[in-house]
Amino acid sequence: MKRKWEAKLKQIEERASLYERKPLSSVYRPRLSKPEEPPSIWKLFHRQSQAFNFVKSCKEDVHVFALECKVGDGQRIYLVTTYTELWYYYKSRRNLLHCYEVIPENAVCKLYFDLEFNKLANPEADGKKMVALLIEHVCKALQEFYGVNCSAEDVLNLDSSTNEKFSRHLIFQLHDVAFKDNVHVGNFVKKILQPAFHLLAGEDDDMIPETMDHGFSHFPGTQVKQGISLSETSTDKDIGESWSLNSEKLERLGAAKQSSPDLSFLVVKNNTGEKHLFVDLGVYTRNRNFRLYKSSKIGKYVALEVAEDNRFRPIQSKNVSMENQYFLSSLVSNVRFSDTLRILTCDIPQQKRFEYFNSTNTSVETIEGFQCSPYFEIDQFVLSLVNKNDIKGGIRRWNYFFPEELLVYDICKYRWCENIGRAHKSNNIMILVDLKNEVWYQKCHDPVCKAENFKSNCFPLPPEVCLLSLLKEEEEFTTDETANKETRNPYEAPSRALSKGTFSDVDWDNSIDDTYFLEATEDAELVEAAENSLLGYDGVDEIPDELIIEVLQE
DNA sequence: CAGCGCTACCACACCCC
DNA sequence: GGTGTGGTAGCG
């Protein structure tokens, strides 16, 4: 009995000693001037989407963080709290050791970089020098592209290197300037590092990553303007000054980029000896997790700390500690509000979209896409045709035949066929819109209907859709040869519609930057290629139905 | 019970020479 | 052999 008691006592003493050595941290009690304290917000979720839903429902300025779980397989849970409360529990570094900021998609954010190379595979590489050269290059680019002034003193430089690996995070602290979101940051980074991609593949251009190849022109003068624009769009916050790119600046951009800078310092080898970039381009994806200042990866013990060669110093403050200042500065999506905040954008057209303008495309006479064609009004009209009697039909895909000015819509979920007077059971129908004759008719994929080459009666297009004919008339005022060619130029239909504001940019396969689009039509090489391939065109009045079916079935 | 968002890579089908 | 596609392992 006594022995049992002694054992218990010893156990309690041990527990007491443990608590003395590692006391429980006190509960967060926010102290603001207001007498009613704001409630503590500290919520954990298994799913990122749930965390973001909670953020939406929350009126406080809360953010999502990812915490790596004990299991070393990269599993994460999501924490929603304020920067202040997180720092309160985080600063002791006794817990929350492996935390990541979730950079929300579509959220305004800072310019940031993840830099790394294997030291063993690159014994000659001078990391600090490479960082300095990179910062210099980026600052020049910010000045040239956006007129933004900055220097190494505006770059928080965090180090997470080991004996094997050189590893840094750079977070730019620009004054009253931020990017629209981290995808735009990525586009900007890829754009300004473009000269380095050629170095990766040696003399051979074939090795350039495909997404790059379409985004960057080989002609510096045109390429710089392309896709980079200074947005006048405001964020949710009220932003005073708008920002526009003037022609003088454009001139300067063209001139400045005539000679590519030497970016050979960015090329490093990985452990298998392949050439890579010092800059990790994989960190600009939606909802990217970016390791927090003073956090380490799970299973590792190296945390991000202010680098020896960091030159950014936060503003001294009585109420906020230096560490807290560094922490707040390191947060990529912690953009300080200001009524003169400028939001920078950088668009790169997606490859799918660019295919239509690719000079290697053999089929310049057609363009195609899914769900929304470049003609918003016609899409709406077609949708109205296939939304009847509680059946919600949709546009599965579309094809546009330039010579015939024919839009062919593949319809889904709505199968009413005029030929059989009822809906087909397993075959889809098509709606064909003839812009030349301003009529529409129906055909279908049913083998029986196809066999008899069924085509419904023609019906006139409603007047609002015929608005497009006004554009056509306008084009016809210029009646020389080139104008005739232009109406058949594949670039014409969408860009003309755009300049008239008759389709919203989201309908042209998500979104596309106006600047880019106009640039594309000016790209002499592409236009020339398109025109050349149109020279053999002999103006067929009606496209054979078989051809339409063949294209649709591909 | 429970991560997320990609990209590189592979297998496979299809086409053309 | 070239090209497109669809699925997925694995990276960040």
Side-chain angles (χ1 to χ4, degrees), chain A residues 43-55 63-80 96 98-107 109 112-118 158 160-162 164-171 181-187 189-190 197 200-201 206-215 268 270-272 274-292 295-300 302 304 332-333 348 350-352 354-356 358 360-363 366 368-370 397 510 550-554:
Chain A
K43 270 192 176 274
L44 293 166
F45 300 89
H46 279 289
R47 304 288 180 169
Q48 181 180 266
S49 57
Q50 294 173 339
F52 277 113
N53 284 339
F54 176 69
V55 169
H63 303 269
V64 181
F65 302 90
L67 315 177
E68 267 180 325
C69 300
K70 293 267 184 324
V71 279
D73 62 355
Q75 208 179 86
R76 288 166 193 205
I77 55 167
Y78 298 90
L79 163 68
V80 176
L96 304 167
H98 321 292
C99 287
Y100 297 77
E101 172 186 11
V102 180
I103 304 166
E105 59 178 302
N106 306 319
C109 70
Y112 64 100
F113 290 86
D114 180 21
L115 310 175
E116 57 186 38
F117 67 81
N118 185 308
L158 300 177
S160 192
S161 300
T162 63
E164 292 80 40
K165 199 173 149 191
F166 181 89
S167 170
R168 296 288 177 98
H169 281 188
L170 302 182
I171 304 101
D181 61 40
N182 73 329
V183 175
H184 284 261
V185 172
N187 292 342
V189 172
K190 286 162 201 162
F197 295 125
L200 292 183
D206 295 349
M207 290 291 285
I208 295 167
E210 251 198 297
T211 47
M212 304 296 106
D213 197 29
H214 295 289
V268 291
N270 68 2
N271 27 9
T272 58
E274 292 165 312
K275 284 181 185 173
H276 275 263
L277 283 193
F278 175 42
V279 178
D280 180 356
L281 298 174
V283 296
Y284 304 108
T285 54
R286 297 166 176 179
N287 300 318
R288 161 66 39 179
N289 289 195
F290 209 52
R291 189 147 54 92
L292 287 189
S295 265
S296 61
K297 285 183 186 169
I298 199 157
K300 308 240 168 107
V302 184
L304 280 158
V332 171
S333 38
I348 289 178
Q350 281 177 18
Q351 199 183 333
K352 265 261 172 194
F354 202 83
E355 275 169 7
Y356 314 137
N358 192 336
T360 61
N361 190 346
T362 50
S363 171
T366 66
E368 58 190 37
F370 299 89
R397 63 176 289 156
N510 300 324
E550 197 179 272
V551 173
L552 287 169
Q553 284 173 338
E554 268 171 17

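Hydrogens, waters and symmetry mates are skipped; everything else that's a heavy atom, side chains included, is used. In the text below, chain A, chain B and the rest are named by the order of the sequence lines, each starting its count at 1. The model shown is predicted, which means the values in this text are computed figures rather than measured ones.
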Starting from P on dC4(B), measure out to OH on Y100(A) and report it in whole angstrom.
16 Å

Listed partners of T272(A) passing side-chain contact (heavy atoms from CB on, under 4.5 Å), at least two apart
N270(A), E274(A)

For residues N289(A) and R76(A), is any side-chain donor paired with an opposing acceptor at under 3.5 Å?
yes

Measuring only the C1' atom in each nucleotide, how far is dG3(B) from dG10(C)? A whole number of Å is fine.
14 Å

Separation of dC4(B) P from I103(A) CD1 (nearest whole Å)
17 Å

Set out, line by line, the N/O atom pairs under 3.5 Å between protein and nucleotides 9-12 of chain C.
from    : atom 1 : to      : atom 2 : distance (Å)
dG12(C) : O3'    : D280(A) : OD2    : 2.6
dG12(C) : N3     : R288(A) : NH1    : 3.4

Name the residue closer to the 5' end of DNA chain B, choosing between E105(A) and H46(A) according to the nucleotide with the nearest heavy atom.
H46(A)

Could you go through Y78(A) and F45(A), starting from their C-alpha distance and side-chain angles, then the distance that decides it, and tell me whether this counts as ring-ring contact (aromatic ring centres under 6.0 Å, His included)?
CA-CA 5 Å; Y78(A) 298 90; F45(A) 300 89; 8.8 Å; no

According to the interplanar angle, ranging from 0 to 90°, do the rings of Y112(A) and Y284(A) count as parallel (below 30°), tilted (30 to 60°) or perpendicular (above 60°)?
tilted

So which one's nearest nucleotide on DNA chain B is more toward 5', E274(A) or Q75(A)?
Q75(A)

Considering residues at least two apart in sequence or located in another chain, which fulfil the ring-ring contact (aromatic ring centres under 6.0 Å, His included) criterion with F65(A)?
none

So what does Q48(A) touch, heavy atoms closer than 4.0 Å: a base, only the sugar-phosphate, or nothing?
sugar-phosphate

Rounded off to whole Å, could you give me the CZ-to-C1' distance for the F52(A) and dG3(B) pair?
12 Å

Tell me the interatomic distance from R47(A), atom CZ, to dG5(B), atom C1', rounded to whole angstroms.
14 Å

What is the distance from atom CZ of F166(A) to atom CG of N118(A), rounded to the nearest 0.5 Å?
13.0 Å

Looking at every strand, decide which applies to R76(A) at a 4.0 Å heavy-atom threshold: base, sugar-phosphate, or nothing.
base

Between CG of N287(A) and P of dC6(B) the distance, given in whole Å, is 8 Å

How many whole angstroms separate atom CG of N187(A) from atom P of dC6(B)?
12 Å

How long is the gap from NE2 on H63(A) to CZ on F52(A), to the nearest 0.5 Å?
10.5 Å

Please report the distance, rounded to the nearest Å, between CG in L44(A) and C1' in dC1(B).
17 Å

Between CG of N182(A) and P of dC4(B) the distance, given in whole Å, is 17 Å

